[in-house]
Amino acid sequence: MSTTLVIVESPSKAKKIQGYLGSGYTVRASLGHIRDLPSTKAEIPEKYASEAWARLGVNVSDSFKPIYIVPAGKKKVVAELRALVKTADRVLLATDPDREGEAIAWHLVAALGLKSGFERMTFHEITKEAIQAAAQHTRPIDYALVGAQESRRIIDRLLGYGVSPLLWNSISSGLSAGRVQSAALVALAHREQARMAHVSAPYWRVTAQIGDKKPFTATVLGVSGQRLATPKDFDPATGQLKTDALVLTAEQAGQLVTFLKARPVTVLSTECVPYSTKPPTPFTTSTLQQEASKALKFNPKQSMDVAQKLYEGGHITYMRTDSPSLSDEATSAARAVAVAAFGLGAVPSVPRTYAAKAKNAQEAHEAIRPSGKVFKAPETTGLTGDERALYDLIYRRTVASQMLDLTGMKTTLILKAGAVQLGVIGRTVTEPGFTQLYQDVQEGDSEESQVLPDVPQGATLPVKDAKAEEKKTPAPGRFTEASLVRALEKVGVGRPSTYASILSTLDHRGYTRVVKRQLTVTWLGLLVSAYLAQACADLVDVQFTAHMEAELDQIAEGALKREAYLTRFWSEGFARTIAQAPQRAPSVPVPRVPGAVVTVRGGEVILALEGRTAPLPVDLVPDDLTSEVAADLLAGKVPLKRPATKRSTTPRTKGDKAGVTRSSRKKTAP
DNA sequence: CAGTGAGCGAGCTTCCGCTTGACTT
């Protein structure tokens, strides 16, 4: 009897597909990539060890030929697959339908020594029909797409292994740089610098309670035709007013309050316009991480760990995806849940469809959603704790994505009291739509959702109360782990499978710390960022990845040759940049301490001011380095006792060894 | 004479992306 070996990436998927294909097929998983460039010196095959380029794993002097090895952890699975190939008549390479999956298929061919009798099988949905059809409609491997993946791999290797040593020589041993992590680090550094450079400006906000029966709050917009200043009117770098808006003094604000309390207001104009809000899209990895962060206070790593459990338990579809699209079966299932819960009118007559917005989205998988043709209600799953909470979020989000828009009326009232103009925006809901099931978690905005009375133009309303609050323009907020993921996704940096690990790399290198769920960059992070900005400006350009992706697309289409691209990128580009890079310690100014800089000496981060130096505690947040703290440090005193910042729980990665070098660096002189 | 410790030098670190379990804490 003839057998066909089908190789997919994920074991859970293998199990399911085995059930759909039945006897005659053996379905196994590769567990992701099975070959890679040598990662450490010990992995370099002996025959290349003496080559000048061996450390890179890529022959940069001969058409960028890579050295591929089977890493120790993958030897077992390769051996098992080899054994199965011997007894199979045919091999279907059913790895994911994206660039990486195509490459894995080709690596399988090479590692398993396949000469013929292999085909590429692809599918976007795991249903019996889709799988059986896919097994019938195979195709050859797309070698151009494999070339694009290989180019991506080589670029990341050359950049990472090319630039990291500059950091060892200039700052400290064991540090790292790369296309993705350095883009993330620079984004964090820019935000931290903006925070430190921010000069907040005081301004007054004056509000009045208006109306008898259903009082509402209106805000003073202007006086005698001159607009009152709001945060947007100030230059964040100087705190100076940059427009002709009016900034009240405390006295004027008080006078305004007295003035308002003494007379009624007239309705100058009313505007009532309908508005609507669409439901959120079904979850991708990135949006799941963001919402789980807001609603459940999970960090991205926790979200992925819990989602993995749900996936393995058959409760949800695959959790590493960049596509918000739902299969037909999922769309029907979601609509059925909505109709059962809220009636026939709960869903639009035409089902909603979703497509990825990101340019480099590969859409190899569906959105993250409850599995199956019929969604199990959360209370019938038997799940508890975090798994139940995350499943519930996924369930509601998926069903909500198929429900009606929220619709209502948005009312804008403009009022006046003498020369004082006030304004208020209110909203009423006519059709709650999807919000019956799912509401985005967001803070504040309560005034925006006030219900306003129906008042005609020219009407007079009493003022119940008025008050003035002194406000300060806020500094830009720090990223959370999840909001950094969103920012990276927006510029196409990183992939669903790597978002959580990018954060752990930054943490393990000592570039960031998570403090009260906020992602703060350390002084070491600022130093590395400053060094890269001057030595390797192209690497930290936010557009770098987008440009790379455009070239990779051309390679995949056959319009650009792999070698031509790599030569331009490396031999005529980065190789020169790296050779010319200055190898000396960077230093960054301390905005809160004039004349002071933070720099590195002997691999240790130090503060220097007027010839005196002191080592900086690793957990000191840059924002907290004030003149007082600096004086204490330089006097040899331990500054204010801060609660030990708990290191975020991060996955153990191959690169975990950096923690050792950091703790040795942390040691202070006796 | 054997054991200890300071000091020195050599060797290694490092990327991104695809998957799980096998490890510790």
Side-chain angles (χ1 to χ4, degrees), chain A residues 7-14 28-44 55-58 66 71-74 76-78 95-96 98-105 107-108 149-169 171-184 285 304-305 308-309 311-312 318-322 360 362 364-365 488 493-502 504-505 508-509 528 539 545 548 552 574 578 603 647 649-662 664-665:
Chain A
I7 305 175
V8 297
E9 293 182 42
S10 152
S12 303
K13 215 190 245 185
R28 288 291 186 275
S30 74
L31 308 181
H33 276 287
I34 46 116
R35 296 203 311 175
D36 195 8
L37 304 173
S39 141
T40 60
K41 193 162 189 178
E43 286 185 335
I44 299 169
R55 192 185 63 82
L56 298 171
V58 176
K74 287 294 165 65
K76 195 176 153 202
V77 66
V78 170
T95 48
D96 293 350
D98 56 19
R99 195 164 69 206
E100 296 295 327
E102 201 72 18
I104 294 172
H107 278 298
L108 282 166
Q149 189 278 343
E150 187 168 67
S151 304
R152 196 280 305 155
R153 182 69 191 88
I154 290 171
I155 281 172
D156 283 330
R157 166 55 61 92
L158 294 178
L159 281 181
Y161 280 32
V163 177
S164 295
L166 296 175
L167 299 177
W168 307 342
N169 295 338
I171 302 178
S172 179
S173 185
L175 300 181
S176 65
R179 174 176 60 83
V180 170
Q181 61 170 288
S182 299
T285 301
M304 295 314 284
D305 285 351
Q308 176 86 31
K309 289 248 163 56
Y311 169 65
E312 287 170 5
Y318 198 59
M319 63 279 150
R320 290 183 277 265
T321 176
D322 56 17
N360 60 339
Q362 312 243 335
H365 306 275
L488 293 177
V493 171
R495 299 282 308 139
S497 63
T498 62
Y499 292 139
S501 61
I502 295 165
S504 92
T505 298
H508 280 118
R509 296 283 170 269
V528 168
L539 173 67
T545 292
M548 178 192 79
L552 295 180
F574 270 95
I578 291 167
R647 275 182 70 165
T649 49
T650 40
R652 292 197 156 256
T653 63
K654 283 189 289 183
D656 198 27
K657 279 162 265 167
V660 179
T661 56
R662 191 164 55 255
S664 66
R665 191 163 56 236

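First the proteins, then the strands, lettered A, B, ... as listed; each starts at 1. Predicted model, so just to flag it, every value in this text is computed and none were measured.
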Interatomic distance where [atom1] belongs to [X] and [atom2] belongs to [N] [whole Å]:
X        : N      : atom1 : atom2 : answer
A:Met548 : B:dG17 : CE    : C1'   : 11 Å
A:Arg179 : B:dT14 : CZ    : P     : 19 Å
A:Glu102 : B:dC18 : CD    : C1'   : 14 Å
A:Met304 : B:dC18 : CE    : P     : 11 Å
A:Leu56  : B:dC16 : CG    : C1'   : 15 Å
A:Ile502 : B:dC16 : CD1   : C1'   : 9 Å
A:Leu159 : B:dC16 : CG    : C1'   : 10 Å
A:His508 : B:dC16 : NE2   : P     : 15 Å

*Apply side-chain hydrogen bond (donor to acceptor under 3.5 Å, both in side chains) to the pair A:Arg509 and A:Ser176, showing each step before the final yes or no.*
CA-CA 7 Å; A:Arg509 296 283 170 269; A:Ser176 65; 2.7 Å; yes

Closer than 4.0 Å, any side-chain N/O of [X] to the OP1 or OP2 of [N]?
X        : N      : result
A:Gln181 : B:dC16 : yes
A:Ser176 : B:dC15 : yes
A:Arg509 : B:dC15 : yes
A:Arg495 : B:dC18 : yes

[X] side chain to [Y] backbone, donor-acceptor under 3.5 Å:
X        : Y        : value
A:Arg153 : A:Leu37  : no
A:Lys74  : A:Leu31  : yes
A:Thr285 : A:Met319 : yes
A:Gln149 : A:Glu102 : no
A:Ser501 : A:Thr498 : yes

Indicate, with a heavy-atom threshold strictly under 4.0 Å, whether [X] touches base, sugar-phosphate, or nothing.
X        : answer
A:Arg55  : base
A:Gly494 : sugar-phosphate
A:Ala177 : sugar-phosphate

_Contacting residues from residues 150-157 of chain A, given that a heavy atom lies under 4.0 angstrom of DNA chain B_ =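 The stretch gives A:Arg152, A:Arg153, A:Asp156, A:Arg157 as the residues lying under 4.0 Å from the strand, ordered by number.
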
_Between A:Lys13 and A:Asp96, does the salt bridge (Lys or Arg N to Asp or Glu O under 4.0 Å) criterion hold? Intermediate values first, please._
CA-CA 11 Å; A:Lys13 215 190 245 185; A:Asp96 293 350; 2.8 Å; yes

*asked:* As a test of your reading of the structure, name each stem of DNA chain B as range with range, where a stem is three or more consecutive Watson-Crick or G-U pairs at under 3.5 Å.
replied: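 DNA chain B stems: none present.
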
*Check the pair A:Lys309, A:Asp305 against salt bridge (Lys or Arg N to Asp or Glu O under 4.0 Å), reporting the backbone distance first and the verdict last.*
CA-CA 7 Å; A:Lys309 289 248 163 56; A:Asp305 285 351; over 6 Å; no

Pairs: protein N or O with nucleotides 19-22 of chain B N or O, under 3.5 Å:
residue, atom, partner, partner atom, Å
B:dT19, OP1, A:Asp96, OD2, 3.2
B:dT19, OP1, A:Tyr318, OH, 2.4
B:dT19, OP2, A:Tyr318, OH, 2.9
B:dT19, OP2, A:Arg320, NE, 2.9
B:dT19, O5', A:Tyr318, OH, 3.3
B:dT19, O4', A:Gly32, N, 3.3
B:dT20, OP1, A:Ser10, OG, 2.5
B:dT20, OP2, A:Gln308, NE2, 3.4
B:dT20, OP2, A:Arg320, NH2, 2.6

_So, applying salt bridge (Lys or Arg N to Asp or Glu O under 4.0 Å) with A:Glu100, which one of A:Arg152, A:Arg320, A:Arg495 is it?_
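Between A:Glu100 and the candidates, salt bridge (Lys or Arg N to Asp or Glu O under 4.0 Å) is satisfied uniquely by A:Arg152.
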
*asked:* Need to verify one output field. Residue with the more 5' nearest nucleotide on DNA chain B, A:Val163 or A:Gln362?
replied: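 Nearest-nucleotide comparison on DNA chain B picks A:Val163.
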
*Heavy-atom closest contact (A:Gly32 atom, A:Ser30 atom, distance)*: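 Closest approach of A:Gly32 to A:Ser30: O-OG, 2.8 Å.
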
_Shortest non-hydrogen contact from A:Pro11 toward A:Ala29_ =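 What the structure gives for the nearest pair is N-CB, 3.5 Å.
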
*Is the A:His33 ring parallel, tilted or perpendicular to the A:His107 ring (thresholds 30°, 60°)?*
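Rings of A:His33 and A:His107: perpendicular, as their planes differ by over 60°.
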
*Under the 5.5 Å and 30° test, is A:Trp168 stacked on the base of B:dT14?*
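No, A:Trp168 does not stack on the base of B:dT14.
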
